[in-house]
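Labels below follow one simple rule: chain letters A, B, ... track the order of the sequence lines, proteins then strands, and each chain is numbered from 1. In this text, all values refer to a predicted model and were calculated from it rather than measured experimentally.
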Amino acid sequence: MKAVIPPVKGTRDFYPPQMAVRTWLYQTVRRVSESFGYQEYEAPILEPLALYAAKSGEELVKKQSYVFTDRGGDEITLRPELTPSLARMVAQKQGELVFPLRWWSFGPFWRYEKMQRGRSREFFQWNIDMLGVNSPEADAELVAIAAEFLRTVGLTPAQARIFVNNRRLMEAEFERLGIPPEKRGEVATLVDRRSKMEAAEWEEYATEIGLSGAQLNGLKSLLANEALWQQSEELTRLFEVLRALDVADYVQFDPNIMRGLLYYTGTVFEAFDITGGVRRAILGGGRYDNLLADVGGDPLSGVGFAMGDVVIGIILSELGLIPPLRVQPASVLVTVFSSELLPETLRLAAELRRSGLFVATYPESAKLPKQFKYADRLGMQAVLVLGPDELATGQVTVKDLKRGQQVTVSRTEVYAVVMKILTEA
RNA sequence: GUGCCCAUAGUUCAAUUGGCGGAACGUCUGACUGUGGAUCAGAAGGAUGUGGGUUCGAGACCCACUGGGCACCCCA
């Protein structure tokens with residue numbers, strides 16, 4: 001093969017089979033979002049770099065964003081996340097929108113990172129948020145949506161779990177341990193890394209940060225305390241609602257969940273595959289109370305989460321949870337017997353399309369075996385033949401490819417015969 | 001950005017201590033001039049990822065690059 005210009009690193013070509021999976025995921029996300037009353041929206045793919053400067057976190061902005069200068073000299077970013085765009089859109093129309101506002105979106109994002117399993121530089125992400133309410137009940141609704149999604153795609157609580165924590169609770173506990181406010185960011189990172197490091201190495205890291213032995217021990221018992229949530233009124237109310245929504249079996253308290261984004265202020269959560277296939281978060285989110293003010297709006301709090309298509313795609317594919325998807329839209333191929341019969345063939349195809357069937361014609365006259373094979377390879381269910389014999393009697397031959405049976409019927413009956421084949425398939 | 005592993009036909013893989021690059025599946029043609037899948041026969045398909053080096057001779061050994069995988073980092 002001659003040299004083909006390769007795709008941009010980290011992007012994926014979606015051939016029809018992969019596109020069918022992406023569309024299926026989109027439709028599943030849509031169904032779950034809409035079942036809770038969320039409205040679909042979309043933001044620009046290009047945004048000013050300044051939009052992310054405020055709160056997205058330095059790593060994300062400075063190292064992972066695609067930034068370029070446009071012809072007018074402005075610094076433009078290919079969006080690495082959606083929440084700042086959402087904040088702007090809401091801030092711009094804050095006076096006329098109806099709150100609490102429930103919105104969802106599914107679109108492309110870009111992050112410049114090292115390629116590895118579960119990560120690509122161009123990915124699709126589901127975002128869903130509720131703005132204008134600051135309550136544990138609102139937090140619970142978003143967690144419940146995440147759980148319903150997992151249930152809808154067929155993941156059981158034994159396969160996937162949502163881990164929940166609360167930053168305010170952790171702040172209070174850090175306070176109790178005498179950890180000064182300026183050190184809490186580092187301690188949060190320390191907590192975040194615990195599952196990724198050897199125990200001894202982790203303790204060494206804790207000492208480096210400046211934790212005393214007593215503080216370290218306090219922190220360790222804190223992180224091992226599965227009942228800690230009971231000290232948080234927010235989490236207590238959250239779990240109560242989750243039980244009422246019948247998703248509690250998907251959700252579990254975990255004081256180790258902190259999350260990297262700076263703008264989270266209260267409840268945070270992440271879903272993981274717990275069968276061990278992929279160790280990355282399937283989805284993650286939480287409560288943010290200051291985001292709108294940061295982009296110039298009036299203070300308004302929100303809660304939401306995001307799910308990338310890559311990790312969930314790997315997990316569902318490995319567990320065999322992606323249903324068989326139809327890649328071929330046409331169910332019928334009308335063969336072209338000869339050049340002379342081409343106009344009549346096209347007329348037949350047009351008639352059937354107007355009656356509602358999805359019909360492809362062979363684009364030229366060719367041997368019938370070739371045309372039958374074409375229909376078979378593309379996954380069509382019926383093949384029609386209009387040859388000299390049929391033309392003479394005003395009939396059409398309809399073959400059911402799956403059963404291998406065929407009938408020759410009058411032209412007015414073709415639609416009904418094809419429909420019978422399709423419904424029986 | 002750091003470290004380790006990998007790269008041979010469209011795909012999955014062979015090729016002995018360095019000695020003329022093969023197979024299966026897939027594709028195409030025919031057996032079958034009005035019928036797909038199954039079977040049989042035949043054919044096409046490769047500058048062994050790119051560029052250097054060692055050697056009489058490199059798919060194999062050495063270096064760099066590109067692409068991919070895994071771990072770190074970060075995160076969806």
What's the gap between [N] and [M] when it is taken at their [atom1] atoms, as a whole Å value?
| N | M | atom1 | value |
| --- | --- | --- | --- |
| B:rC65 | B:rC25 | C1' | 33 Å |
| B:rA43 | B:rU35 | C1' | 25 Å |
| B:rC28 | B:rA38 | P | 13 Å |
| B:rU17 | B:rC73 | C1' | 44 Å |
| B:rG46 | B:rA14 | C1' | 15 Å |
| B:rC20 | B:rA15 | P | 14 Å |
| B:rG49 | B:rC6 | C1' | 12 Å |
| B:rG67 | B:rC56 | P | 35 Å |

(message) Can you list everything that forms a salt bridge (charged side-chain N to carboxylate O under 4.0 Å, His left out) with A:Arg377? Sequence neighbours excluded, please.
(response)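 If we apply the salt bridge (charged side-chain N to carboxylate O under 4.0 Å, His left out) test to A:Arg377, skipping adjacent residues, there are no hits.
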(message) A:Asp309 and side chain to side chain donor-acceptor pair (under 3.5 Å): which single residue from A:Gln125, A:Arg12, A:Arg22 fits?
(response)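 The single option meeting the side chain to side chain donor-acceptor pair (under 3.5 Å) with A:Asp309 is A:Arg12.
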For [X] and [N], give me the distance from atom [atom1] to atom [atom2], rounded to whole Å.
| X | N | atom1 | atom2 | value |
| --- | --- | --- | --- | --- |
| A:Ile145 | B:rA76 | CD1 | C1' | 17 Å |
| A:Ile257 | B:rA76 | CD1 | P | 11 Å |
| A:Leu384 | B:rG36 | CG | P | 16 Å |
| A:Arg111 | B:rC74 | CZ | C1' | 9 Å |
| A:Tyr362 | B:rU35 | OH | P | 16 Å |
| A:Arg121 | B:rG68 | CZ | C1' | 13 Å |
| A:Leu341 | B:rG34 | CG | P | 12 Å |

Counting the atoms with a prime plus P, OP1 and OP2 as sugar-phosphate, which does [X] contact under 4.0 Å by heavy atoms, base, sugar-phosphate, or nothing?
| X | answer |
| --- | --- |
| A:Asp309 | nothing |
| A:Ile282 | sugar-phosphate |
| A:Tyr374 | nothing |
| A:Glu390 | base |
| A:Ala375 | nothing |

(message) Under 5.5 Å centre to centre and under 30° between planes: does that hold for A:Phe123 and the six-membered base ring of B:rA76?
(response)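 Yes, the aromatic ring of A:Phe123 stacks with the base.
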(message) Considering only residues two or more places apart or on different chains, which pairs with a residue in residues 143-154 of chain A satisfy salt bridge (Lys or Arg N to Asp or Glu O under 4.0 Å)?
(response)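 Applying salt bridge (Lys or Arg N to Asp or Glu O under 4.0 Å) to every pair that reaches into residues 143-154 of chain A, excluding sequence neighbours, yields A:Glu148-A:Arg151.
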(request) Using a 3.5 Å limit on both pairing distances, list the dot-bracket string of RNA chain B from the 5' end; Watson-Crick and G-U wobble pairs count, crossing pairs take [ ], interstrand pairs take |. (result) (((((((..((((.....[..)))).(((((.......))))).....(((((..]....))))))))))))....
Looking at the side chain of [X], which of [options] is the nearest nucleotide?
| X | options | value |
| --- | --- | --- |
| A:Phe372 | B:rG36, B:rA76, B:rG34 | B:rG36 |
| A:Thr397 | B:rA76, B:rU29, B:rU35 | B:rU35 |
| A:Glu270 | B:rU29, B:rA76, B:rU27 | B:rA76 |
| A:Lys9 | B:rG68, B:rA76, B:rG34 | B:rG68 |

(message) I'd like to know if A:Glu42 and A:Arg79 make a salt bridge, using a cut-off of under 4.0 Å between side-chain N and carboxylate O.
(response)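 Answer for the salt bridge query: yes.
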(message) Looking at A:Asp249 and A:Arg161, is there a salt bridge between them, counting it only when a charged N and a carboxylate O are closer than 4.0 Å?
(response)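 The answer is no: the pair does not qualify as a salt bridge.
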Just the table, please: protein N/O against nucleotides 37-39 of chain B N/O, every pair under 3.5 Å.
residue : atom : partner  : partner atom : Å
B:rG37  : O4'  : A:Asp376 : OD2          : 3.3
B:rG37  : N1   : A:Leu401 : O            : 3.4

(message) Parallel, tilted or perpendicular: which one describes the rings of A:Tyr112 and A:Tyr66, with boundaries at 30° and 60°?
(response)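 Answer is perpendicular, since the angle exceeds 60°.
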Which donor-acceptor pairs under 3.5 Å do the side chains of residues 366-374 of chain A make with protein atoms, sequence neighbours left out?
residue  : atom : partner  : partner atom : Å
A:Gln371 : OE1  : A:Val336 : N            : 2.8
A:Gln371 : NE2  : A:Val336 : O            : 2.8
A:Gln371 : NE2  : A:Ala366 : O            : 2.7

(message) Between A:Asp400 and A:Lys370, which residue's closest nucleotide on RNA chain B lies nearer the 5′ terminus?
(response)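 By nearest-heavy-atom nucleotide position, the 5'-most residue is A:Lys370.
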(request) Tell me which of A:Ser120 and A:Gly10 sits closer to the 5' end of RNA chain B, going by the nucleotide each one is nearest to. (result)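 Upstream on the strand: A:Gly10.
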(message) Do A:Trp104 and A:Glu40 pair up side chain to side chain, a donor and an acceptor below 3.5 Å, judged on atom types alone?
(response)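 No, A:Glu40 and A:Trp104 have no side-chain donor paired with an acceptor closer than 3.5 Å.
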(message) Would A:Arg30 pass as a cation-pi partner of A:Phe106, given that its NZ or CZ must be under 6.0 Å from the six-membered ring centre and within 45 degrees of the axis?
(response)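 No, A:Arg30 does not sit over the ring of A:Phe106.
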(message) Considering only residues two or more places apart or on different chains, which pairs with a residue in residues 132-147 of chain A satisfy side chain to side chain donor-acceptor pair (under 3.5 Å)?
(response)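 Listed once each, the pairs are A:Tyr38-A:Glu141, A:Arg102-A:Glu141, A:Glu137-A:Arg237, A:Asp139-A:Thr267, A:Asp139-A:Arg287.
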(request) Could you list all the side chain to side chain donor-acceptor pair (under 3.5 Å) pairs where at least one residue sits in residues 329-345 of chain A, not counting sequence neighbours? (result)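 Listed by first then second residue: A:Ser338-A:Glu340, A:Glu344-A:Arg347, A:Glu344-A:Arg411.
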Which atom pairs link the protein and nucleotides 1-7 of chain B when you take only N or O atoms and keep those under 3.5 Å?
none

Table of protein N/O atoms under 3.5 Å from nucleotides 30-32 of chain B N/O atoms:
residue : atom : partner  : partner atom : Å
B:rG30  : OP1  : A:Lys367 : NZ           : 2.8

(request) Count the heavy atoms of every other residue, nucleotide or ligand shown that sit under 6.0 Å from CD of A:Glu34, and state whether that count exceeds 12. (result)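 For A:Glu34, atom CD is crowded (more than 12 foreign heavy atoms under 6.0 Å).
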(message) Strictly by ring-ring contact (aromatic ring centres under 6.0 Å, His included), give each pair with a member in residues 300-341 of chain A just once, sequence neighbours left out.
(response)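 Listed by first then second residue: A:Trp126-A:Phe305, A:Phe269-A:Phe305.
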(message) When you measure from the side-chain N and O atoms of A:Arg377 to the phosphate of B:rG26, is any distance below 4.0 Å, counting only OP1 and OP2?
(response)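 Looking at the OP1 and OP2 atoms of B:rG26, neither is under 4.0 Å from any side-chain N or O of A:Arg377.
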(request) Please examine the side chains of A:Gln406 and A:Asp400, heavy atoms only from C-beta on, and report whether any two atoms are closer than 4.5 Å. (result)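 A side-chain contact under 4.5 Å is absent here.
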(message) Given the structure, check if the side chain of A:Gln406 and the base of B:rU35 hold any donor-acceptor pair shorter than 3.5 Å.
(response)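 Yes.
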(request) Please name all residues satisfying side-chain hydrogen bond (donor to acceptor under 3.5 Å, both in side chains) with A:Arg121, sequence neighbours left out, ordered by chain then number. (result)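 In terms of side-chain hydrogen bond (donor to acceptor under 3.5 Å, both in side chains), with neighbours along the sequence ignored, A:Arg121 is linked to no residue.
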(message) My understanding is that only residues two or more places apart in sequence, or in another chain, count here; which of them pass side-chain hydrogen bond (donor to acceptor under 3.5 Å, both in side chains) with A:Ser85?
(response)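 With sequence neighbours excluded, A:Ser85 shows a side-chain hydrogen bond (donor to acceptor under 3.5 Å, both in side chains) to A:Glu47, given in chain and number order.
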(message) Checking understanding here: a glycosidic angle within 90° of 0 is syn, the rest anti, so what is B:rA15?
(response)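 Because its glycosidic torsion lies more than 90° from 0, B:rA15 adopts the anti conformation.
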(request) Work out which heavy atom in A:Leu222 is nearest to a heavy atom in A:Phe174; give both atom names and the distance. (result)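 Here A:Leu222 and A:Phe174 meet closest at CD2-CE2, 4.2 Å.
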